[in-house]
A.B. asks: 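Here's a structure for you.
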There are 2 protein chains.
Amino acid sequence: MVTISQIAAELGLSKATVSRALRGVPGVADVTVATVRAAAETMGYIPDVAAAGLATGRSRAVAVVVPSLSRWFYNSVLTGIDRGLRSLGYDTVLYDLDRSVGSWPHVFVRSDLRRRVDGLIAVSMMFSAEELAEFSSLDIPMIAVGPTTHGFRTIGIDDAAVMTTATEHVLALGHQELGYLGGFDSQSRSLGGAVEREHAFMTAALDAGAVVDPTWMLAGRYRQSIALEVVTPVFRSDSWPTALVCASDEMAIGAMYAIQAAGLRVPQDVSVIGVDGHEYAQAYDLTTCAQYPEAQGELAARQIIAEVEGGPSRLSFEPADYQLVVRGSTGPPRASR
Amino acid sequence: MVTISQIAAELGLSKATVSRALRGVPGVADVTVATVRAAAETMGYIPDVAAAGLATGRSRAVAVVVPSLSRWFYNSVLTGIDRGLRSLGYDTVLYDLDRSVGSWPHVFVRSDLRRRVDGLIAVSMMFSAEELAEFSSLDIPMIAVGPTTHGFRTIGIDDAAVMTTATEHVLALGHQELGYLGGFDSQSRSLGGAVEREHAFMTAALDAGAVVDPTWMLAGRYRQSIALEVVTPVFRSDSWPTALVCASDEMAIGAMYAIQAAGLRVPQDVSVIGVDGHEYAQAYDLTTCAQYPEAQGELAARQIIAEVEGGPSRLSFEPADYQLVVRGSTGPPRASR
DNA sequence: CTGAAAGCGCTAACAG
DNA sequence: CTGTTAGCGCTTTCAG
């Protein structure tokens with residue numbers, strides 16, 4: 001294992017100079033830098049992060065806390081974060097909180113995060129006041145991606161605006177009988193903007209004078225499997241909405257399956273619209289209000305590193321892009337055909 | 001920030017004793033241990049992993065390399081690994097290789113992994129001989145989960161056996177006209193046992209004298225969206241198989257959607273069977289040959305830590321459980337009703 | 001522009 | 001059972 005001192009010895013230089021040359025610290029002769037780097041290369045030098053970390057107090061790693069890895073939004077954000085972090089020379093230390101609802105030990109923060117990471121990115125997480133206090137005591141930059149997270153600067157879409165856009169799309173198509181597929185993901189620690197979305201839907205629907213039968217307010221809990229189950233009985237009954245607004249594309253896909261299995265057609269009998277821009281939306285010809293989780297993750301990575309490396313902390317909320325993508329799952333209601 | 005020396009000073013002990021007491025090293029008076037731990041607790045001591053790492057050469061972290069995070073199998077394995085690792089006091093350092101097909105810099109191994117992790121777990125990865133050599137030169141325990149990975153001890157199902165089981169299920173139901181939905185995921189670095197599965201299918205089908213029209217061999221590339229697209233034309237043509245054997249549940253779900261959209265019924269018109277035991281399989285009433293990726297991940301975590309902590313390296317292949325789960329998507333073919 | 005020296009916080013012989 | 005003494009490999013004043 002080759003160290004900095006060996007390079008120094010080899011070249012008749014001091015450890016300090018070699019260290020500076022390797023890191024590109026200004027104030028070293030260009031020739032020296034070149035020589036040192038060449039030697040490091042040929043000798044097969046690999047920096048020891050632990051040693052550097054001890055000396056600097058930095059680990060070149062950031063913690064990423066996710067509520068679960070199985071949902072598309074979360075793992076997409078994580079993909080973006082990992083890519084962003086790695087391109088900046090940082091590692092991703094994963095903290096998957098799946099199935100740890102309400103049981104996250106405070107210990108987590110103190111003993112695990114401390115000194116192990118330079119920053120923390122929380123994806124769609126809800127934290128208790130106690131946990132938040134522990135985080136703050138870590139005194140490292142923190143940032144959230146997803147719905148606005150109390151105590152965190154956050155990057156994310158405007159959930160209300162997105163849902164309003166989606167709802168207005170079907171309203172504009174002439175639908176007056178609307179269903180909503182949303183609910184809460186009780187299994188995870190994420191809130192996912194569920195409240196904002198549902199509220200925006202109701203507001204837009206009622207403002208337009210649409211009919212929203214209470215039995216059409218479905219709790220798909222943000223999972224495709226549950227969506228499939230709760231949607232099924234509605235479209236096998238004799239009263240169903242002409243348009244179903246879904247709070248996520250995963251739920252929308254489950255709903256479309258249930259609707260077809262019930263013998264109805266999308267969009268002829270019922271229009272379906274989702275939110276997210278899921279990678280499968282195109283194949284399912286699903287109209288959706290798309291957001292770009294990987295981009296959000298990459299942005300989070302860049303911003304946290306900027307802060308870690310001394311930059312100032314930015315705005316408290318960074319609005320992310322979204323866009324209505326109209327496909328074949330939405331159309332005018334039967335009556336107005 | 002409180003250190004070990006502060007505790008030592010406070011208690012009038014030496015750093016060494018405090019260190020030993022804290023780590024539970026045998027050979028310290030019980031009273032001393034108790035006193036030290038109590039003091040550490042009240043003083044709010046938190047160990048510095050970097051310092052410990054420098055001294056021991058261990059980081060208490062393991063690298064997990066995945067081909068992508070968006071596919072259920074991969075993220076499920078990762079969930080299991082993270083849970084296992086964390087329960088043993090180790091951190092998960094993520095290396096998501098999504099979209100880095102063929103472009104993985106050798107640099108990766110040398111500069112990133114070295115000294116940063118104590119072990120490496122590769123999930124469904126294919127490595128070049130060159131990469132493999134670099135891994136080996138790291139001289140840390142390595143283990144793979146998924147299909148047998150050259151150069152790695154691996155934990156995984158017997159892909160051929162699983163596919164044989166699935167195929168024989170529809171054969172036993174009386175199907176004689178079989179389709180296969182498989183292919184390769186060219187986007188990722190994973191092979192995923194695709195070859196073994198396809199071969200096992202063909203063997204079982206031909207052995208039973210079944211008809212497998214070449215146009216029924218579909219390349220869904222292990223993605224639901226692509227499966228949906230390639231399956232659609234087949235069931236809109238005038239010649240289709242009575243049973244479709246899918247190499248993954250994700251593809252099977254896409255296929256079922258396509259079949260229904262084409263106006264056919266599952267299982268009345270066509271039976272569909274998958275492989276994986278996807279979390280959505282139950283909701284879709286999909287018959288599948290299930291495997292348990294989270295359990296595989298947890299096992300991998302336990303085994304790698306056992307090795308890291310001095311245990312011997314075990315068998316070269318650890319067969320994982322699988323089980324045929326019969327649901328409503330498979331039934332006898334039309335003719336024999 | 002380069003070198004010497006001190007030290008980051010902890011562990012690991014080696015003594016006692 | 002406990003203390004002393006060296007480092008682990010790198011960064012960082014402070015001199016020159």
Side-chain angles (χ1 to χ4, degrees), chain A residues 1-37 39-40 43-61 89 110-111 113-118 308-310, chain B residues 1-37 39-40 43-61 89 110-111 113-118 308-310:
Chain A
M1 178 179 181
V2 25
T3 73
I4 223 177
S5 332
Q6 293 179 29
I7 301 182
E10 183 75 22
L11 264 38
L13 288 169
S14 71
K15 279 164 57 183
T17 306
V18 173
S19 171
R20 288 190 274 248
L22 253 17
R23 284 175 300 147
V25 173
V28 182
D30 292 4
V31 224
T32 315
V33 172
T35 325
V36 170
R37 295 203 168 155
M43 296 174 71
Y45 170 73
I46 294 162
D48 183 320
V49 275
L54 219 211
T56 59
R58 294 232 135 87
S59 62
R60 293 198 77 81
R110 312 247 310 258
S111 58
L113 254 27
R114 197 70 207 298
R115 242 16 189 59
R116 170 123 246 176
V117 295
D118 299 336
V308 164
E309 298 185 342
Chain B
M1 177 180 181
V2 25
T3 72
I4 224 177
S5 333
Q6 293 179 28
I7 301 182
E10 183 75 20
L11 264 38
L13 288 169
S14 71
K15 280 164 57 184
T17 305
V18 173
S19 170
R20 287 190 275 249
L22 253 18
R23 284 175 302 148
V25 172
V28 182
D30 292 4
V31 224
T32 315
V33 173
T35 326
V36 170
R37 294 205 168 152
M43 295 174 72
Y45 169 74
I46 293 162
D48 184 320
V49 276
L54 219 211
T56 59
R58 295 233 136 86
S59 60
R60 294 198 75 82
R110 312 248 308 259
S111 56
L113 254 27
R114 195 68 206 300
R115 222 76 180 8
R116 171 124 245 176
V117 295
D118 299 335
V308 164
E309 298 185 342

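Lettering follows sequence order; numbering is per chain, from 1.
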A.B. asks: Which residues pass the salt bridge (Lys or Arg N to Asp or Glu O under 4.0 Å) test with B:Arg116, not counting sequence neighbours?
C.D. replies: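 Per chain and number, B:Arg116 pairs via salt bridge (Lys or Arg N to Asp or Glu O under 4.0 Å) with A:Asp91.
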A.B. asks: Do B:Arg58 and B:Val308 come close enough that some side-chain heavy atom pair is under 4.5 Å?
C.D. replies: yes
A.B. asks: With nearest nucleotide decided by heavy atoms, which residue, B:Leu54 or B:Val33, maps closer to the 5′ end of DNA chain D?
C.D. replies: B:Val33
A.B. asks: Identify the two heavy atoms, one from B:Gly44 and one from B:Val2, that lie closest to each other, and give their separation to 0.1 Å.
C.D. replies: O-CG1, 3.3 Å
A.B. asks: Nearest whole angstrom, please: distance from the P of C:dG7 to the CG of B:Asp48.
C.D. replies: 18 Å
A.B. asks: With sequence neighbours left out, what residues match B:Arg37 under side-chain hydrogen bond (donor to acceptor under 3.5 Å, both in side chains)?
C.D. replies: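 Here no residue qualifies.
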A.B. asks: Any side-chain N or O of B:Thr3 below 4.0 angstrom from OP1/OP2 of C:dG9?
C.D. replies: no
A.B. asks: Would you mind building the protein contact string for nucleotides 11-16 of chain D? One character per nucleotide, 5' to 3', B for base within reach (heavy atoms under 4.0 Å), S for sugar-phosphate only, - for untouched.
C.D. replies: BBB---
A.B. asks: Within this structure, what is the CZ-to-C1' distance between A:Arg60 and D:dC10, rounded to whole angstrom?
C.D. replies: 14 Å
A.B. asks: Compare the minimum distances between each of C:dG3, C:dC1, D:dG3 and the side chain of A:Leu13, then state the nucleotide with the smallest one.
C.D. replies: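 It is C:dG3.
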A.B. asks: Tell me the interatomic distance from B:Gln6, atom CD, to C:dC10, atom C1', rounded to whole angstroms.
C.D. replies: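 So the CD-C1' distance, B:Gln6 to C:dC10, works out to 13 Å.
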A.B. asks: Quick one: closest heavy-atom pair of B:Gln6 and B:Met1, and the distance?
C.D. replies: NE2-O, 3.2 Å
A.B. asks: Answer yes or no: does a side-chain N or O of A:Ser5 lie under 4.0 Å from OP1 or OP2 of D:dG9?
C.D. replies: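 Result: no.
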A.B. asks: If we check side-chain contact (heavy atoms from CB on, under 4.5 Å) with A:Val36, which of these qualifies: A:Leu13, A:Val28, A:Val31?
C.D. replies: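 One option only clears the test, and that one is A:Leu13.
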